[in-house]
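Here the structure comes first, spelled out in structure tokens, and everything after it is commentary.
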Amino acid sequence: MDSAEFHAAVYSVVRQIPVQKVTTYGHVAKVIGMPRHSRHVGQALKFLSPNGNTEPPVPWQRVVSSTGAISSRGPGTDGAQRQREALEAEGVEVHVGRTGDLLVSLADYGWFPAPGEVQLDAA
DNA sequence: TCGATGACTCCAT
DNA sequence: AATGGAGCCATCG
């Protein structure tokens, strides 16, 4: 599997996340059969977010870290903030900690299908 | 070719 | 329960 196929697999899984549900980088990696590639799932999502011109669109905002936190991607960037707005817009509660960290309750919104319950070639 | 990096996770303190 | 360190692996300089 090359990088393009990896991206495609990630997108096909992410597109199947139901509205008002979120999953984790690690779980997406597991579902596509590469459980140690959680970081690369993030890379794939980063690659499409600037323009977001994929068809159909990829709901990248529904992917968070294993703790339910939205990775900040460094101060000065607005990615995390946009993700928070997108989630709230679809009705997902985003809790904000004292330090400005954005958290989603995986207990309430977590979506963790077993590998095989999702199709990897959704165009 | 080697070393550093990162939208991550786990295990040990 | 909270913090810190190590593991992981494709990319990039």
Side-chain angles (χ1 to χ4, degrees):
Chain A
M1 150 149 359
D2 61 25
S3 117
E5 293 175 310
F6 180 80
H7 286 182
V10 170
Y11 300 158
S12 66
V13 171
V14 173
R15 280 198 283 255
Q16 291 171 68
I17 303 174
V19 184
Q20 289 191 353
K21 289 292 177 184
V22 299
T23 192
T24 67
Y25 298 100
H27 195 80
V28 170
K30 187 179 303 183
V31 165
I32 66 179
M34 301 181 82
R36 314 301 160 139
H37 291 58
S38 52
R39 311 180 82 132
H40 299 42
V41 172
Q43 290 285 336
L45 297 186
K46 170 173 70 174
F47 185 76
L48 61 78
S49 53
N51 33 8
N53 55 5
T54 55
E55 192 60 41
V58 179
W60 59 274
Q61 67 273 21
R62 297 179 195 152
V63 184
V64 299
S65 74
S66 65
T67 61
I70 297 176
S71 304
S72 71
R73 276 154 296 195
T77 61
D78 63 333
Q81 191 57 38
R82 288 191 296 124
Q83 182 167 0
R84 181 257 186 107
E85 291 173 11
L87 286 173
E88 293 185 329
E90 31 184 59
V92 173
E93 287 183 61
V94 178
H95 306 280
V96 183
R98 300 171 58 182
T99 58
D101 50 330
L102 306 175
L103 298 170
V104 176
S105 171
L106 293 181
D108 294 334
Y109 299 103
W111 181 75
F112 303 103
E117 290 185 39
V118 298
Q119 59 181 52
L120 299 181
D121 59 7

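Computation of the quantities below employed the complete heavy-atom set of this structure, encompassing side-chain atoms and omitting hydrogens, waters and symmetry-equivalent molecules. Below, chains carry the letters A, B, ... as their sequence lines are ordered, and counting in each starts from 1.
We find that NE2 of H7(A) is positioned 12 Å from C1' of dA7(B), with the value rounded to whole Å. Between the CG atom of L45(A) and the P atom of dC8(B) there is a distance of 10 Å, rounded to whole Å. Separating the CD atom of Q83(A) from the C1' atom of dA7(B) is a distance of 8 Å, rounded to the nearest angstrom. Atom-to-atom, CG of L103(A) to C1' of dA7(B) comes out at 15 Å; the value is rounded to the nearest Å. To the nearest angstrom, P of dC8(B) lies 13 Å from CZ of F6(A).
For the side-chain contact (heavy atoms from CB on, under 4.5 Å) with V22(A), the lone residue among V63(A), I70(A), I17(A), L106(A) that qualifies is L106(A).
Side-chain contact between H27(A) and P113(A) is present, with at least one heavy-atom pair separated by less than 4.5 Å. By the 4.5 Å heavy-atom criterion applied to side chains, I32(A) and H37(A) are not counted as neighbours. No side-chain heavy atom of F112(A) sits under 4.5 Å from any side-chain heavy atom of V31(A).
Within the 4.0 Å cut-off from OP1 or OP2 of dC8(B), not a single side-chain nitrogen or oxygen of T24(A) is found. When the side-chain nitrogen and oxygen atoms of S66(A) are compared with OP1 and OP2 of dC8(B), none of them lie within a distance under 4.0 Å.
Here, dA4(B) and dA6(C) have their P atoms 15 Å apart, quoted to the whole Å.
Nearest approach of V19(A) to E90(A), heavy atoms of both residues: CG1-CB, 4.0 Å.
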Counting primed atoms, P, OP1 and OP2 as sugar-phosphate and everything else as base, the B/S/- map of nucleotides 8-13 of chain C against protein heavy atoms under 4.0 Å is BBBS--
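In the hydrophobic clustering of ILVMFWY residues, with side-chain heavy atoms under 4.5 Å counting as a link, V92(A) and W111(A) come out apart.
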